[in-house]
Amino acid sequence: MSNDYLELTYQSIQCFANDGKLLPDELEELLSIALRDGVVDEDEKRVLNNIFGKLNSEELTQEMQEKISSIKNQYFQ
């Protein structure tokens, strides 16, 4: 069983702590942690969904919405 979701959680806290926001490149970095073992497992999906739920309207730019939609379509099916 992978513990990548723990690192994913920790890194997401660091991203938000820096400036209170999650930037598109930070989201890509978080996804790369989740994909390290080649699969986004249920724990990683839960963490990613929690991250998505914390994003405010300022962060949900068109680019970010497209990234989130792509992630959900590709890995949450």
Side-chain angles (χ1 to χ4, degrees):
M1 179 174 171
S2 171
N3 286 329
D4 287 345
Y5 76 97
L6 296 173
E7 182 178 351
L8 185 60
T9 301
Y10 176 78
Q11 289 299 329
S12 70
I13 292 168
Q14 297 304 307
C15 291
F16 283 107
N18 284 342
D19 57 8
K21 299 176 188 164
L22 183 67
L23 303 173
D25 61 323
E26 293 171 327
L27 177 57
E28 288 294 327
E29 183 180 323
L30 294 174
L31 181 60
S32 72
I33 294 169
L35 288 170
R36 189 177 295 150
D37 60 358
V39 66
V40 179
D41 66 31
E42 292 305 312
D43 287 324
E44 293 161 343
K45 289 176 187 178
R46 179 180 44 79
V47 172
L48 286 169
N49 269 324
N50 286 339
I51 292 166
F52 299 155
K54 289 180 177 17
L55 301 177
N56 62 40
S57 59
E58 183 179 313
E59 293 165 291
L60 289 173
T61 62
Q62 184 68 31
E63 178 186 8
M64 193 65 116
Q65 289 176 17
E66 289 171 4
K67 283 186 181 291
I68 291 169
S69 179
S70 175
I71 290 168
K72 286 184 175 183
N73 287 334
Q74 200 167 359
Y75 303 107
F76 284 53
Q77 300 300 329

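- In this structure, Leu35 is a member of the same hydrophobic cluster as Leu27, with clusters built from ILVMFWY side-chain heavy atoms closer than 4.5 Å.
- Under a 3.5 Å cut-off, the side chain of Ser69 and the backbone N or O of Gln65 do not form any donor-acceptor pair.
- Under the 4.5 Å side-chain criterion, counting only non-hydrogen atoms from C-beta, Leu22 is in contact with Met64.
- Under the 3.5 Å distance criterion, the side-chain polar atoms of Glu59 are matched with a main-chain donor or acceptor of Asn56.
- Judged as a salt bridge (Lys or Arg N to Asp or Glu O under 4.0 Å), the pairs with a partner in residues 3-24 (not counting sequence neighbours) are, in order, Asp4-Arg36, Glu7-Arg36, Lys21-Glu58.
- Residues Asn3 and Leu6 have side chains in contact (heavy-atom distance under 4.5 Å, counting atoms from C-beta outward).
- In this structure, the side chains of Gln77 and Asn73 come closer than 4.5 Å at one or more pairs of heavy atoms.
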Begin with the C-alpha distance, continue with both residues' side-chain angles, and end with the deciding distance and a verdict on side-chain contact (heavy atoms from CB on, under 4.5 Å) for Val39 and Tyr75. CA-CA 8 Å; Val39 66; Tyr75 303 107; over 6 Å; no

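- A donor-acceptor pair under 3.5 Å is formed between the side chain of Asp41 and the backbone N or O of Glu44.
- Sorted by first and then second residue, the salt bridge (Lys or Arg N to Asp or Glu O under 4.0 Å) pairs with a member in residues 61-71 read Glu28-Lys67; sequence neighbours excluded.
- Side-chain contact check for Leu48 versus Lys72: every heavy-atom pair is 4.5 Å or farther apart.
- Separation of atoms CG (Asn50) and OG (Ser12) is listed at 8.5 Å; rounding is to 0.5 Å.
- Note on Ile33 and Leu23: separate hydrophobic clusters, where clusters join Ile, Leu, Val, Met, Phe, Trp and Tyr whose side-chain heavy atoms are under 4.5 Å apart, directly or indirectly.
- No continuous path of hydrophobic side-chain contacts links Val47 to Tyr10 [ILVMFWY only; heavy atoms under 4.5 Å].
- Note that CZ of Phe52 and NZ of Lys45 are 11.5 Å apart. Values are rounded to the nearest 0.5 Å.
- Put simply, the side chain of Gln11 never gets that close to the backbone of Leu30: no donor and acceptor are under 3.5 Å apart.
- Between Ile68 and Leu55, some side-chain heavy-atom pair lies under the 4.5 Å cut-off.
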